[in-house]
Protein chains: 2
Amino acid sequence: MTVTLADVAARAQVSPATVSRVLNGNYPVAAATRERVLRAVDELDYVLNGPASSLAAATSDLVGILVNDIADPFFGIMASAVQSEITGPGGRAGGERMAVVCNTGGSPERELTYLTLLQRQRAAAVVVTGGAIENAPHAAAIGGKLRRLGEAGSRVVLCGRPPADDAPDAVALTFDNRGGGRRLTDHLIGLGHRRIGYIAGPTERTTTRHRLEGHQEALAAAGVADDPRLTLHGPYDRRSGYDATLELLRRAPELTAVVAANDTVALGACAALRDRGLSIPDDVSVAGFDDLPFSIDAVPALTTVRLPLYEAGARAGRIAMGREEEPPGGIATVHGELMVRGSTGVPRPY
Amino acid sequence: MTVTLADVAARAQVSPATVSRVLNGNYPVAAATRERVLRAVDELDYVLNGPASSLAAATSDLVGILVNDIADPFFGIMASAVQSEITGPGGRAGGERMAVVCNTGGSPERELTYLTLLQRQRAAAVVVTGGAIENAPHAAAIGGKLRRLGEAGSRVVLCGRPPADDAPDAVALTFDNRGGGRRLTDHLIGLGHRRIGYIAGPTERTTTRHRLEGHQEALAAAGVADDPRLTLHGPYDRRSGYDATLELLRRAPELTAVVAANDTVALGACAALRDRGLSIPDDVSVAGFDDLPFSIDAVPALTTVRLPLYEAGARAGRIAMGREEEPPGGIATVHGELMVRGSTGVPRPY
DNA sequence: CTGTTAGCGCCTTCAG
DNA sequence: CTGAAGGCGCTAACAG
């Protein structure tokens with residue numbers, strides 16, 4: 001039914017091994033023979049059987065990418081960058097490597113499931129993006145899985161997540177969320193803000209905690225009291241920003257600034273303020289985090305911390321492909337850059 | 001080295017066949033035996049070998065998704081939706097199906113390459129998103145490839161792309177780009193606009209052409225002359241919208257509205273207008289297409305045509321999984337909805 | 001440079 | 001309900 005390597009061999013009058021060799025190009029073959037084989041491949045419209053090839057070679061051309069949700073540009077950009085680096089010849093039979101994108105929704109159970117599935121596929125590499133859940137059993141389970149993946153031959157790279165205990169050979173490119181959060185709030189305090197609302201992400205996530213800690217660090221350094229009533233937790237979405245902002249306004253009408261866990265949440269905050277008839281930044285300053293593409297088009301443009309998502313993803317991809325040296329100690333910190341734009345200004349006189 | 005099904009069988013004191021049967025759960029096995037096997041799997045930390053399994057079963061758990069660029073929410077949303085539907089038991093050995101996301105950059109060569117790679121992987125299904133290139137040889141090559149994929153057992157679904165000749169069994173969910181473009185410009189004409197700039201996408205793409213044709217249809221229906229100097233082509237990105245808007249303003253300062261090929265381009269247009277000190281919509285109205293999540297947060301909020309990207313992707317995913325009946329004739333048209341918001345208004349008196 | 005020979009690890013008839 | 005046996009299509013030593 002479907003044409004196999006043996007058919008090609010027969011037609012080209014060579015042995016199957018030779019066909020395999022010209023296909024994989026990793027072994028000397030006479031030019032004339034190669035031509036003949038290639039022609040046969042073409043004439044028969046032959047397509048290599050990937051599973052068979054992977055089975056025999058004990059490795060595959062698949063690279064796993066774990067993301068919370070690929071529809072979120074934060075993850076989409078990293079995934080796109082990883083892809084751009086795994087592309088190009090290098091896979092089996094001159095083929096290219098392909099990206100298996102797994103939406104985990106941030107759930108550790110799904111992360112675990114997908115890691116197992118990727119191990120099952122004998123993925124050449126796995127890039128795990130996004131923050132980690134802070135929960136000992138889960139962390140241990142995932143760490144163990146990552147270690148076993150590594151032992152089974154997959155290169156493991158964490159992108160935007162702290163190093164995993166239990167998985168010593170996994171390279172980690174960690175975002176400096178704490179430092180970014182610190183600089184952002186420093187900036188607001190420098191402008192004169194003292195009553196600053198903070199809309200944090202979901203609890204039990206490293207990203208959430210680190211960004212929040214940076215904020216608190218800045219408050220403490222400036223001797224500003226950290227009123228717990230001004231910090232609200234919620235998902236990383238627009239709605240959360242909208243609702244939390246209304247709640248903050250209710251709790252503390254005197255507030256002059258709102259810091260959001262990320263840009264998406266910040267947009268929600270902006271919408272809520274507009275709906276309340278408050279002007280940004282004259283009545284209330286707003287800041288985000290990530291600097292996603294749309295942030296510059298907010299009106300006023302969003303002050304935020306730019307994370308080099310594409311660059312980090314690309315680097316993760318190169319390391320996963322063994323095309324870039326691992327950072328010393330297997331850990332590198334990726335810093336964010338404060339982008340001061342129109343959405344923050346001096347507080348209103350009051 | 002790595003534990004195999006035979007190891008599990010030995011430990012559970014059954015034959016490999018039995019282990020395979022409990023893993024795949026598609027054959028009666030005594031409860032007690034199953035327990036024993038499952039325990040052995042657990043104790044040995046056994047992970048099925050995907051390639052071996054796929055080879056023997058002649059099918060895989062992989063579902064291909066072709067997108068222009070996964071970093072673009074237009075594609076990210078569809079990809080996310082497809083994923084949500086292929087998730088869940090149903091794959092081999094109770095595992096789940098995984099999505100292989102391929103960034104083609106809209107290049108037909110890369111589309112072809114990836115389709116071959118997916119055929120090589122014996123993908124269970126392939127969902128192709130985005131418009132098609134209008135170029136006979138390419139279209140034929142891709143159509144042929146899709147047909148062969150189908151013949152090889154992969155279910156093929158086009159999502160947001162017109163039906164492919166040469167691939168009769170590929171289901172197509174086509175966006176009504178023409179109708180959407182028509183309604184959008186009808187809306188502007190209804191407001192009183194007569195000098196309308198149009199920033200189209202790249203040439204030779206069905207999406208570009210259909211949206212533009214809808215616009216021209218509306219002009220013709222209203223008896224408005226279609227000045228070719230008011231139509232510019234460019235990529236589907238913000239920069240293109242920015243530059244094209246400046247150029248349009250240069251060519252026709254009297255223009256009162258700009259229609260962009262999509263929301264991203266529209267944001268660029270808004271930025272250019274702001275930079276020129278023009279107010280939206282008082283000086284110039286702006287409209288986009290797609291209704292991506294950020295469009296509602298533009299200021300003023302963007303008038304656009306909402307495409308149900310998530311719904312379409314989900315439906316494509318269900319059809320790909322055989323969980324939803326194919327539309328009659330294998331073709332369904334997905335309509336967009338005009339979303340009138342603040343970025344369009346009556347033209348300035350002049 | 002090329003052919004021969006064993007598997008890779010699993011699934012799936014076919015017996016029992 | 002369970003075991004035995006063959007083969008899925010390809011690759012990777014070995015010989016030559």
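Letters A, B, ... are given to chains in the order of the sequence lines, protein chains preceding strands, and every chain is numbered from 1. Note that this is a predicted model, so its numbers are computed, not measured. What you see below is based on every heavy atom in this structure, not just the backbone, and it leaves out hydrogens, waters and symmetry mates.
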DNA chain D nearest-nucleotide lookup for A:Ser20 and B:Ala30: closer to the 5′ end is B:Ala30

Expressed as a whole number of angstroms, how long is the span from B:Asp7:CG to C:dC8:P? 11 Å

note: A:Glu35, atom CD; C:dC1, atom P; distance rounded to Å ~ 15 Å

Return the CG to CE distance between A:Leu62 and B:Met98, rounded to the nearest 0.5 Å. 6.5 Å

Taking the side chain of B:Leu5 as its heavy atoms from C-beta onward, which of D:dC1, C:dC1, C:dC10 lies nearest to it? C:dC10

Electrostatic pair A:Arg318:A:Glu326 at N-O distance under 4.0 angstrom: no

What is the distance, rounded to the nearest whole Å, between atom CG of A:Asn49 and atom P of C:dC11? 15 Å

With a cut-off of less than 4.0 Å, is there a side-chain N or O of A:Ser15 near OP1 or OP2 of C:dT2? no

Hey, are A:Arg97 and A:Glu85 close enough for a salt bridge, meaning a charged N less than 4.0 Å from a carboxylate O? no

May I have the distance from A:Arg21 (atom CZ) to D:dT11 (atom P), rounded to whole angstrom? 11 Å

A:Leu55 side chain, from C-beta outward: closest of C:dG9, D:dC1, C:dT12: C:dG9

Within less than 4.0 Å of OP1 or OP2 of D:dT11, is there a side-chain N or O belonging to A:Ser53? yes

Only one of B:Leu48, B:Val8, B:Thr4 forms a side-chain contact (heavy atoms from CB on, under 4.5 Å) with B:Val19, so which one is it? B:Val8

Expressed in angstrom and rounded to an integer, what is the separation of B:Asp61 atom CG from C:dC11 atom P? 11 Å

When B:Ala52 and B:Val14 are each assigned the nearest nucleotide of DNA chain D, the 5'-most assignment goes to B:Val14

When you measure from the side-chain N and O atoms of A:Thr33 to the phosphate of C:dT2, is any distance below 4.0 Å, counting only OP1 and OP2? yes

Does A:Arg122 make a side-chain donor-acceptor contact with the base of C:dG9, cut-off 3.5 Å? no

On the nucleotide D:dC8, are OP1 or OP2 found under 4.0 Å from the side-chain N or O atoms that B:Ser54 carries? no

Quickly work out the A:Arg120 CZ to C:dG9 P distance and round it to whole Å. 16 Å

Using whole Å, report how far CD of A:Gln121 lies from P of C:dG9. 15 Å

Nearest-Å distance for atom pair CG/P, residues B:Asn24 and C:dG9: 17 Å

Given D:dG3, C:dT12, D:dG9, the nucleotide with the shortest approach to the side chain of B:Ala57: C:dT12

Determine, for A:Glu35 against A:Arg39, whether the closest basic-nitrogen to carboxylate-oxygen distance falls under 4.0 angstrom. no

For the side chain of B:Ala17, counting heavy atoms from C-beta on, which of D:dG3, D:dT11, D:dA13 is nearest? D:dG3

B:Ala56, nearest nucleotide to its side chain (from D:dT2, D:dC8, C:dC8): D:dC8

